[in-house]
Amino acid sequence: MDSYENNIAIQKPQNIGKDYATGVEANLNFKVRKIWEPTIMGSIYRYKVDSYSTGQKRTRESDNWDLRFNNNFMLYKNLTLQANASYSSPTANSQGTTEDYYSFDGAVRMEFLQRKLSAIVQVRDIFQTSIRKSTIDNDNIQAYNKSYNKAPMVSLTVTYRLNNFKPSRQSRQSMGDDM
């Protein structure tokens with residue numbers, strides 16, 4: 001918070017300190033069937049933030065973890081479906097805490113013209129579960145914030161590859177000889 005007066009708070013980003021994270025991250029990718037390839041990713045870490053927003057040093061710490069589960073389904077030769085779920089645990093921030101949140105996303109990718117043209121339709125936060133809640137708890141102010149999407153975000157990406165160049169095996173070998 002930058003200033004407050006008459007119960008009005010003005011927020012703006014500022015560099016007010018340093019943060020530190022120490023932990024481990026891992027992922028596991030495997031094929032269940034020829035058409036289904038799931039990936040499980042996760043991290044566990046200790047988070048610490050030192051802030052100087054009020055002229056004095058304030059340290060906040062938390063033990064955090066994140067989990068993501070991605071699923072790729074090859075429905076046809078040029079049609080892929082992706083379904084993703086993610087979760088982030090509660091965490092400390094420079095002025096308080098952020099609650100846990102989770103979301104579900106999906107996408108469909110279709111390739112045309114010998115894979116020179118591709119179209120991707122992506123939907124983020126399909127079930128509108130990505131609700132971000134945070135609390136500010138300082139000496140001079142206490143506040144609660146809740147933000148969410150009013151509807152899922154839908155995007156369309158179209159890509160055309162003008163030169164889908166792949167060097168031949170012979171040219172790759174000669175490139176290695178020159179180095």
Can I get a per-line list of side-chain donor-acceptor pairs under 3.5 Å for residues 75-82, giving both atom names and the distance, sequence neighbours left out?
| from | atom 1 | to | atom 2 | distance (Å) |
| --- | --- | --- | --- | --- |
| Asn78 | OD1 | Arg115 | NH2 | 3.4 |
| Gln82 | OE1 | Asn84 | ND2 | 3.3 |
| Gln82 | NE2 | Asn72 | OD1 | 2.8 |

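- Between Val158 and Leu117 there is a side-chain heavy-atom pair separated by less than 4.5 Å.
- Looking at residues two or more places apart in sequence or on another chain, you find no ring pair (Phe, Tyr, Trp, His ring centres under 6.0 Å) involving Phe30.
- Atom CD of Glu111 and atom OG of Ser118 lie 5.5 Å apart (nearest 0.5 Å).
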Inset, instruction - Carefully, step by step, assess Asn145 and Lys133 under the rule side-chain contact (heavy atoms from CB on, under 4.5 Å). - result: CA-CA 6 Å; Asn145 182 44; Lys133 300 175 187 176; over 6 Å; no
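- Rounded to the nearest 0.5 angstrom, Ile44 CD1 and Trp65 CH2 are separated by 8.5 Å.
- Pro38 places a side-chain heavy atom less than 4.5 Å from the side chain of Val32.
- Residues passing the side chain to side chain contact (heavy atoms under 4.5 Å, CB included) test with Asn29 are Glu37, Thr39, sequence neighbours excluded.
- For the pair Gln128 and Asn149, the tightest heavy-atom approach, listed with the atom from each and the gap, is NE2-O, 3.3 Å.
- Of the inter-residue distances, the one linking Asp50 atom CG with Glu61 atom CD reads 8.0 Å to the nearest 0.5 angstrom.
- Among all heavy-atom pairs drawn from Ser94 and Arg60, the shortest one is O-NE, 3.5 Å.
- Remark: Tyr45 engages no residue in a ring pair (Phe, Tyr, Trp, His ring centres under 6.0 Å) (not counting sequence neighbours).
- What you find for Asp66 and Ser89 is that their closest heavy atoms are OD1-N, 4.0 Å.
- When all heavy atoms of Ile131 and Lys146 are compared, the pair lying nearest together is CG2-CE, 3.7 Å.
- Met41 and Val24 are not part of a single hydrophobic cluster, where members link through side-chain heavy atoms under 4.5 Å apart.
- The ring-ring contact (aromatic ring centres under 6.0 Å, His included) pairs that include a residue from residues 113-148 are Phe104-Phe127, where partners are two or more places apart or lie in different chains.
- Here CD1 of Ile120 is found 12.5 Å from CE of Met110. Values are rounded to the nearest 0.5 Å.
- Remark: Arg68 CZ is packed, more than 12 non-hydrogen atoms of other residues, nucleotides or ligands lying under 6.0 Å away.
- Put simply, CD1 on Ile126 and CG on Asp105 are 6.5 Å apart, with the number rounded to the nearest 0.5 Å.
- Of the possible donor and acceptor atoms, one in the side chain of Ser62 sits under 3.5 Å from a partner among the backbone N and O of Ala92.
- Minimum interatomic distance between Val123 and Pro152 (heavy atoms only, all atoms of both residues): CG1-CB, 3.8 Å.
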Show me the donor-acceptor pairs within less than 3.5 Å that the side chains of residues 96-103 make with the rest of the protein, sequence neighbours left out.
| from | atom 1 | to | atom 2 | distance (Å) |
| --- | --- | --- | --- | --- |
| Thr98 | OG1 | Asn93 | ND2 | 3.0 |
| Asp100 | OD2 | Tyr87 | OH | 2.9 |
| Tyr101 | OH | Arg132 | NH1 | 3.1 |
| Ser103 | OG | Ser86 | OG | 3.3 |

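- Just one residue in the list Asp63, Asn64, Thr22 forms a side chain to side chain contact (heavy atoms under 4.5 Å, CB included) with Tyr47, and that residue is Asn64.
- There is a path of hydrophobic side-chain contacts, each under 4.5 Å, that joins Trp36 to Ile40.
- Going from atom CD of Gln95 over to atom OG1 of Thr135 covers 11.5 Å, rounded to the nearest 0.5 Å.
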